[in-house]
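Worksheet: the structure to be examined is printed underneath.
As the structure is a computational prediction, the values presented were derived from the model and not from experiment. Below, chain A is the first sequence line, B the second, and so on; all start at residue 1.
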Amino acid sequence: MRTFYVTTPIYYVNDLPHIGHIYTTIVADTLARFHRLAGEPVHFLTGTDEHGQKIERAAAEQGIAPIALADRVVARFHEVWQQFGISNDDFIRTTEPRHRLGVEALIQRLYASGDLYVDKHTGWYCTPCETFYTEKELLPGNLCPIHELPVERQEEENVFFRLSRYQDRLLEWYDSQTEPVRPRVRANEVRSFVASGLRDLSVSRSNLAWGLPFPGHPGHTVYVWLDALSNYITALGFGRPGEDQRYQDFWASEGGVRLHLVGKDILRHHCVYWPAFLMAAGLPLPSTVFVHGFWLRDAKKIAKSTGSAVRPDEIVSRFGPDSLRYFLLREMVFGQDASFSDEGFVDRYNSDLANDLGNTISRLVTLSRRAFGGLTPPESCADNPLIPVAESVAAEYRQAMEEPAFSRALEALWKLLAETNQYIVERQPWTLLGKPEEARRLSRILWNGLEAVRIVATGLLPVMPAIAPRLLAAIGQPEPPSSLAALAWGGLANSVPLPEPSPLFPRIDKAAYLADAQPTAPAKSAPEKKMVSIDEFFKTELKVATVQAAEAVPKSSKLVKLTVDLGDEVRTVVAGIVQQYPPESLVGRQVILVANLEPAKLMGIESQGMVLAASIDGLPVLLQPERAVPNGTRVK
RNA sequence: GGCGGUGUAGCUCAGCUGGUCAGAGCGAGCGGCUCAUAACCGCUAGGUCAUGGGUUCAAGUCCCGUCACCGCCA
C-alpha cells in the first residue's frame with residue numbers, strides 16, 4: 001500500500017512564524033488532508049530547529065537560556081498552526097532526546113561507511129563571535145558582519161564528511177526517471193552546482209556549545225544542518241530500535257512517497273547534503289523534494305495603491321484563516337514566486353469566494369427552501385449537462401492535487417461553479433416557483449445545482465478545512481465525507497433540512513478596506529530611508545566631461561543644448577540650466593555627467609546623458625571637479 | 001564570466017512531443033436577468049506570441065543571433 005509522508009522544513013526558532021512558514025505549512029497540510037481523503041496512510045511532520053549560533057546569541061542577548069527562548073517561540077508556532085487548522089501528526093524539536101538518539105545513530109553509520117574524517121580547516125575567524133565566516137559573508141575589508149571588526153585567519157580541527165565522493169551518484173539521482181527534485185529549474189540549478197565539483201563538508205563545530213555533542217569527537221558539536229536535516233527520519237523513530245515502526249512504515253517501505261517541501265533558499269541542503277548523508281548511511285532517499293517560490297511584495301502595486309502592505313494577521317482576523325489558505329494556494333503557481341498584496345487578496349476573495357462560491361450557494365439554498373418548505377429538493381436527476389462537467393472537473397482536480405498544482409486544482413473546481421451558474425440562468429428556476437405542475441422540474445434543476453456545489457465543497461475540504469464542512473452543512477450535508485469517493489456525482493441527500501442561508505463569505509468593500517489599510521504608521525510623516533547597495537550605486541556611471549559647445553534651445557526658457565567631450569566620445573546633452581548659466585559661460589567648463597542614462601528627447605533634441613547640479617529652490621548649481629581631470633574620468 | 005530560466009491581451013498567467021494555439025481568469029465596455037452576497041448570464045480583447053534571421057508544405061511551439069529581466073555558481 002502506498003504511504004504518504006510529507007514534511008515541512010523545521011523552522012529556526014530565531015524568528016516568529018511569518019508568511020513563508022505559513023505558506024509551506026499550509027501546503028503540507030493540504031496535501032496531508034488530500035491524501036488522507038484518498039485513503040492513504042499519511043504522516044505529516046513539522047517542527048523546529050533549535051540549535052546553533054544565532055539562537056545561542058539571541059538567548060544571551062535576552063538573558064535567558066537557549067532552551068527557554070526556543071520554548072517561547074515554539075509555543076507561538078503551535079498557536080499559529082492551531083489557528084490555521086494544521087493537522088500535523090507530529091512536531092519534532094531538535095532539542096528532544098529522541099532526535100539526539102537518531103542523529104547519533106546516523107553519525108555512527110557515516111563513520112561506518114568511512115565518510116567521516118578529521119582535518120584542519122582554515123578560515124576567517126571573529127573572536128567576539130567565536131565563529132568562522134566565509135569570504136562572502138564578510139563585509140568589505142574583511143570585517144565581521146556582526147561586529148564590523150577585522151577577522152583573522154585561524155585554523156581549527158573539524159570532522160569532515162566526504163561529500164565529494166557522492167558527486168556522481170547525486171547527478172544520477174537528479175536525472176533519474178522519478179524527477180526527485182522539482183520543479184525542473186531547481187533540478188537544473190542543483191545539478192550544475194554539483195557538476196561544478198563538490199568539496200567535502202565540515203560537519204562539526206568547536207566553540208559552539210548550543211548543539212548536539214559530536215559522537216566520538218569531544219568538544220565538538222554537530223553542524224546545524226546535519227543536525228536539522230536528520231529530523232525527517234529521527235522523528236519517525238530512526239535509531240531507536242523497537243520504537244521505529246513509523247520509520248519502517250513511512251521511510252523504509254517500498255513505494256512509499258517521502259515528500260519534502262522546501263523553499264528555494266534551502267535547496268542545496270535538501271538536494272545535496274541530505275541525500276548524500278542518506279546515501280552514505282545506506283538509507284532510502286526522499287522520493288521528491290519540492291522546491292517552492294517566495295511570496296514577494298510587488299513594488300509596483302504597492303506604489304500604485306499607496307503603500308498597502310502584507311498584513312496576513314489582519315486578513316486572518318477579519319476574513320478567517322481559510323480565506324488566506326485559499327488565497328495562498330490559488331494565487332501562487334506552485335513552484336514559482338508570487339506577489340502578495342492586499343488588493344490581490346481582496347480581488348481574489350470577492351470574485352472567487354464571495355461571488356462565485358458564496359453567492360451560488362446562497363441563491364440555490366434560497367430557491368430550494370422556498371420551493372420545498374426548507375428542505376433540499378425531493379427529486380434527484382441522473383441525466384443533465386452538469387454531470388459530464390462534474391466528472392471531468394473531479395478528474396482534473398484529483399490529478400492536479402496529486403501533482404501537486406493547487407492553482408490548477410482550484411481552477412478546475414471553479415469551472416464547475418461557473419457551469420452551475422450558467423445552468424441556473426438558462427433554466428430560470430425562479431420562474432417555476434409556485435407552479436405545482438413544474439415542481440418536479442424545479443426539483444431536478446435545484447438538486448443539480450446543489451449537487452454541483454456539494455462536489456466543489458468536497459474538493460475544498462483539504463484546502464479550507466474549517467469552511468468546507470460549513471459549506472456542506474449549508475446545503476444540508478452536516479457530515480463531511482471521509483473519502484474522495486464523495487467527488488462522484490449523486491451524493492446530495494433529498495428532502496433534508498436546509499438551514500437559513502447566511503453569507504459565509506461576505507463581500508469586502510474593496511475601496512474601504514484598502515483605504516483602511518493605509519499604514520497608520522510612519523510611512524508619510526517619517527519616510528524611511530531607502531538604502532542602496534554599493535552595486536546598485538555603481539550601476540550609475542558618473543563621468544567627467546568638458547563642454548565644447550553650448551547653445552540655448554529655441555523656444556525654451558531653461559534648456560541649453562551642450563556638446564560634451566567624454567574623452568573617448570562626444571555627446572549631445574540637454575540641460576535645464578540656461579537661466580543660471582548663459583551658454584557662453586558653459587563652454588570649456590568641466591561637468592559631471594550621468595553617462596549611462598537612457599536617452600530622452602527634450603524639445604526634439606535627444607539628450608544622451610544628464611549633467612549633475614545641486615538644486616536650491618529649483619535653481620541649479622553645477623557640480624564640477626575641484627581641479628581639472630581628464631575627460632571620461634569615472635566619478636565614484 | 002559560467003550554467004539555467006523567463007519575455008504571449010491592461011493585470012496574473014495556460015499553451016507537452018510544430019499543423020482549429022492565438023487562449024483562460026481578473027479588470028474595463030455594452031446588453032440581459034432579478035432566485036442570489038450591487039451578485040449571476042451573454043457579447044466585446046483587433047495582442048507584429050521581446051527582437052532579427054533560419055529550418056519546414058506549416059513555428060509562440062524547433063535552430064542560430066540580439067535585447068531585457070530573473071535564478072544559481074559553498
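- Residue-level contact check: A:R191 touches neither bases nor backbone, having no heavy atom under 4.0 Å from any strand.
- Atom OH in A:Y223 sits roughly 13 Å away from atom P in B:rA74 (whole-Å rounding).
- Checking B:rA24, B:rC72, B:rC73 against the side-chain heavy atoms of A:R268 singles out B:rC73 as nearest.
- Both A:S192 and A:S196 lie near RNA chain B, and the one whose nearest nucleotide falls closer to the 5' end is A:S192.
- In this structure, CD1 of A:I266 is placed 18 Å from P of B:rG71, rounded to the nearest angstrom.
- For B:rG31, the glycosidic angle deviates from 0 by more than 90°, giving an anti base.
- Whole-Å rounding puts the A:Y349 OH to B:rG25 C1' distance at 20 Å.
- Atom CZ of A:F406 and atom C1' of B:rA14 are 19 Å apart (whole Å).
- Here, B:rG23 and B:rU34 have their C1' atoms 32 Å apart, quoted to the whole Å.
- Whole-Å rounding puts the A:F345 CZ to B:rU12 C1' distance at 17 Å.
- Taking the ring axis of A:F406 as reference, the NZ or CZ atom of A:R330 does not stay both within 45° of it and closer than 6.0 Å to the ring centre.
- Take the nearest nucleotide of RNA chain B for A:D347 and for A:L198: the residue whose nucleotide is more 5' is A:D347.
- With hydrogens and angles disregarded, a donor-acceptor distance shorter than 3.5 Å links the side chain of A:N448 to the backbone of A:R444.
- The pairing partner recorded for B:rA38 is none, the criterion being a Watson-Crick or G-U wobble arrangement whose two distances lie under 3.5 angstrom.
- None of A:W295, A:F340, A:F294 except one satisfies the ring-ring contact (aromatic ring centres under 6.0 Å, His included) rule with A:Y23; the exception is A:W295.
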When you check every protein heavy atom under 4.0 Å of nucleotides 31-43 of chain B, what one-letter string (B, S, -) results, 5' to 3'? --SSBBB-SSSS-
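- Residues A:E396 and A:K415 are paired through a salt bridge, judged by an N-O separation under 4.0 Å between the basic side chain and the carboxylate.
- If you take CE of A:M332 and P of B:rA14, they are 13 Å apart, rounded to a whole angstrom.
- With rounding to whole Å, A:R199 atom CZ is found 12 Å from B:rC73 atom C1'.
- Ring pair A:Y349/A:F319 is tilted by interplanar angle, where 30° to 60° counts as tilted.
- A salt bridge links A:E331 to A:R348: one of the charged nitrogens lies within less than 4.0 Å of a carboxylate oxygen.
- Of the C1' atoms belonging to B:rG18 and B:rC57, the separation is 12 Å, rounded to the nearest Å.
- Under the Watson-Crick or G-U wobble criterion, with both distances below 3.5 Å, B:rA14 has no partner in any strand shown.
- Across B:rG54 and B:rU12, the matching P atoms stand 33 Å from one another, rounded to whole Å.
- B:rG71: Watson-Crick or G-U partner is B:rC3, with both key distances under 3.5 Å.
- A gap of 41 Å separates the C1' atoms of B:rG42 and B:rG5, to the nearest Å.
- Using atom C1' as the reference point in both B:rG53 and B:rG10, the two lie 32 Å apart (nearest Å).
- Comparing the P positions of B:rC30 and B:rA39 gives an interatomic distance of 15 Å, to the nearest angstrom.
- In the set B:rC73, B:rA14, B:rG5, B:rC73 carries the atom at the smallest distance from any side-chain atom of A:F193.
- Spacing between atom CZ of A:R330 and atom P of B:rA24 amounts to 15 Å, rounded to whole angstrom units.
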Where do A:D168 and A:W173 land on the side chain to side chain contact (heavy atoms under 4.5 Å, CB included) test, with the steps shown first? CA-CA 9 Å; A:D168 292 341; A:W173 185 58; over 6 Å; no
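- Tested against A:H269, the residues A:W225, A:Y223, A:F277 include a single ring-ring contact (aromatic ring centres under 6.0 Å, His included) partner, A:W225.
- Using P as the reference atom, B:rU6 and B:rG15 are 11 Å apart when rounded to the nearest Å.
- Across all strands shown, B:rU66 forms a Watson-Crick or G-U wobble pair, both distances under 3.5 Å, with B:rA50.
- The aromatic ring centroids of A:Y326 and A:W414 lie less than 6.0 Å from each other.
- Across all strands, A:G293 comes closer than 4.0 Å to no nucleic acid atom at all (heavy-atom distances).
- With both ends at atom C1', the span from B:rA28 to B:rC11 equals 12 Å, rounded to whole Å.
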